[in-house]
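Numbering of ligands and ligand atoms starts at 1, following listing order. Residue numbers count from 1 along this sequence.
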Amino acid sequence: MSGDITEAENYYSKDFEWEQLRLEVETDPTFLYHLLPFNSDGVSNSTTDSSNSSPLEDSDAWNKFHSRHSTGKFFKERRYLLKEFPELACRGHSKVLEVGCGNGSTALPILRATENSVIYACDCSNEALDRAKENISAANLTTAQDRFHPFLCDVSTFEFPKWLACISCQERFMTAGETQYSLCSEERTCCIGGVDLVTLVCSLCAYFYLEPLCFYLKFCWQTRSLYINYLLLFYLTYQIFTLSALPLHRMTMAIKQCFSVLKPGGILLFRDYGLYDMTMLRFYPEQRVGYREYMRSDGTRSYFFSLEFTRDLFSSAGFTELELEYCCVRSTNRRNGKIMRRVWVHGKFQKGK
Ligand SMILES: C[S@@+](CC[C@H](N)C(=O)[O-])C[C@H]1O[C@@H](n2cnc3c(N)ncnc32)[C@H](O)[C@@H]1O
């Protein structure tokens, strides 16, 4: 337990100023190629034009990545995220959507922290979903397997499956802020014999396209009031190191999809690689596939986000910014003692208000 706390504290802290790092990087000639506009950098890419990889090639690369890293050694729970995003450990948000769940390293700590949370988790890689299922089942956590629903979806290219959210609700609430609504922070669902009635009604509603059933009444014990709630739509969704894996031109689709399955007032949690993170500066010129976009030798991609770019991306999809900042963490490489400066972008965005 004390190990968990140390890990969370380490990742939560702000060890250096991002502006200082920016100055150093932008005045260091050895890093110049990272700053050049992509088309004029004069660096020829490899024999194939990897910058235009197809969705199939991208998910294939991730499949291979997850097969290569299938041992338990590679699996490390991201417990610090519960500190960074307390919403993830909040008992009120029973049904959440994870986009790009990988091997389950974010899902498992959430399932541990909350007894009632149900996670719908997608990934474009079948291998990733298999790893996630294995890791969650190996954790031997009561009911965790029943509360984890993995499904295959490339969010940059395909829409979420119809059963995930009621289509008529999605269309109705595509535009943020159109409706009056109330959200209760203390969601209660009725469970009989392990079956969540709300989920059952939701599935039937989606199956038969019964719009009137998309609403249900809910009594909130906290405020002692009755609320109308919308079935199937999510209050919480999160993307942890997922968006950076997508080609730049397909990111908007992934964000808009999340927007469409959120309830009005719903929240999207975002954490990903930040501009001038140590791993960005280690890429070679020939690994650049776009401006701030790189491709590893195994064909997986990595984009590095600035706050400005992140802000534009989410606001153009209809989100309101609640939190957005760089997390700057200094850590030491155990093998060579070198100091590593890690930069992540932490963001919290809301659908309307
Ligand atoms: C860097 S990993 C992060 C995994 C996990 N979120 C974590 O924090 O450990 C990126 C994940 O996104 C998935 N991914 C990449 N492109 C995707 C897409 N278009 N749709 C859904 N998942 C995708 C990959 O298969 C991989 O599991």
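- Set against the non-hydrogen atoms of G102, the atoms of ligand 1 under 4.0 Å away are 4 (C), 27 (O).
- With F270 as the partner, the ring pair (Phe, Tyr, Trp, His ring centres under 6.0 Å) test is satisfied by one option alone out of F241, F305, F85: F305.
- No side-chain heavy atom of E159 sits less than 4.5 Å from a side-chain heavy atom of S260.
- A heavy-atom separation below 4.0 Å is found between C101 and ligand 1.
- For C153, every heavy-atom contact with ligand 1 shorter than 4.0 Å involves the backbone, none the side chain.
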Tell me, with the steps shown, if T114 and N116 meet side chain to side chain donor-acceptor pair (under 3.5 Å).
-> CA-CA 6 Å; T114 53; N116 65 338; 4.7 Å; no

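- Near I240, with a cut-off below 4.0 Å to any heavy atom, the atoms of ligand 1 are 3 (C), 5 (C), 6 (N), 7 (C), 8 (O).
- The atoms of ligand 1 that sit less than 4.0 Å from any heavy atom of F241 are 1 (C), 2 (S), 3 (C), 10 (C).
- Among all heavy-atom pairs drawn from L88 and Y238, the shortest one is CD2-CD2, 3.6 Å.
- Ranking protein heavy atoms by distance to atom 20 (N) of ligand 1, first place goes to V155 N, 3.1 Å.
- Within the structure, ligand 1 has L246 among the residues with a heavy atom less than 4.0 angstrom away.
- Every atom of ligand 1 with a heavy atom of S125 under 4.0 Å away is listed here by number and element: 25 (O).
- Annotation: C124 places an N or O atom under 3.5 Å from an N or O atom of ligand 1; distance criterion only.
- Of the heavy atoms in D154, both backbone and side-chain atoms come closer than 4.0 Å to ligand 1.
- Residue H66 places a heavy atom under 4.0 Å from ligand 1.
- Residue-ligand proximity, T106 to ligand 1, at heavy-atom distances under 4.0 Å covers atoms 8 (O).
- Neither the backbone nor the side chain of R250 comes within 4.0 Å of ligand 1, counting heavy atoms alone.
- For Y276 and F304, the ring centers are positioned 6.0 Å apart or more.
- With sequence neighbours excluded, the residues that form a salt bridge (charged side-chain N to carboxylate O under 4.0 Å, His left out) with D60 are K64.
- Close approach to S156 involves these atoms of ligand 1, each under 4.0 Å from a residue heavy atom: 19 (N).
- The salt bridge (charged side-chain N to carboxylate O under 4.0 Å, His left out) search around E321 returns R311, not counting sequence neighbours.
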Would you check, one step at a time, whether the test side chain to side chain donor-acceptor pair (under 3.5 Å) holds for R147 with S117?
-> CA-CA 7 Å; R147 295 185 287 124; S117 56; 3.2 Å; yes

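- Residue-ligand proximity: P55 is placed with every non-hydrogen atom at 4.0 Å or more from ligand 1.
- Close approach of ligand 1 to R78 is summarised as follows: ligand atoms under 4.0 Å from at least one heavy atom of the residue are 7 (C), 8 (O), 9 (O).
- Near A245, with a cut-off below 4.0 Å to any heavy atom, the atoms of ligand 1 are 15 (C).
- Protein heavy atom at the shortest distance from atom 4 (C) of ligand 1 is G100 O, 3.5 Å.
- By the 4.5 Å heavy-atom criterion applied to side chains, C328 and D15 are not counted as neighbours.
- Using a 4.5 Å heavy-atom threshold, the side chains of S53 and R301 count as touching.
- Considering only heavy atoms from C-beta on, M280 stays 4.5 Å or farther from V343 through its side chain.
- Considering only non-hydrogen protein atoms, atom 25 (O) of ligand 1 sits nearest to D123 OD1, 2.5 Å.
- Of all the heavy atoms of S105, the ones lying under 4.0 Å from any atom of ligand 1 belong exclusively to the side chain.
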Given D298 and R68, is the side-chain contact (heavy atoms from CB on, under 4.5 Å) satisfied, shown in steps?
-> CA-CA 10 Å; D298 63 4; R68 272 196 316 278; 2.8 Å; yes

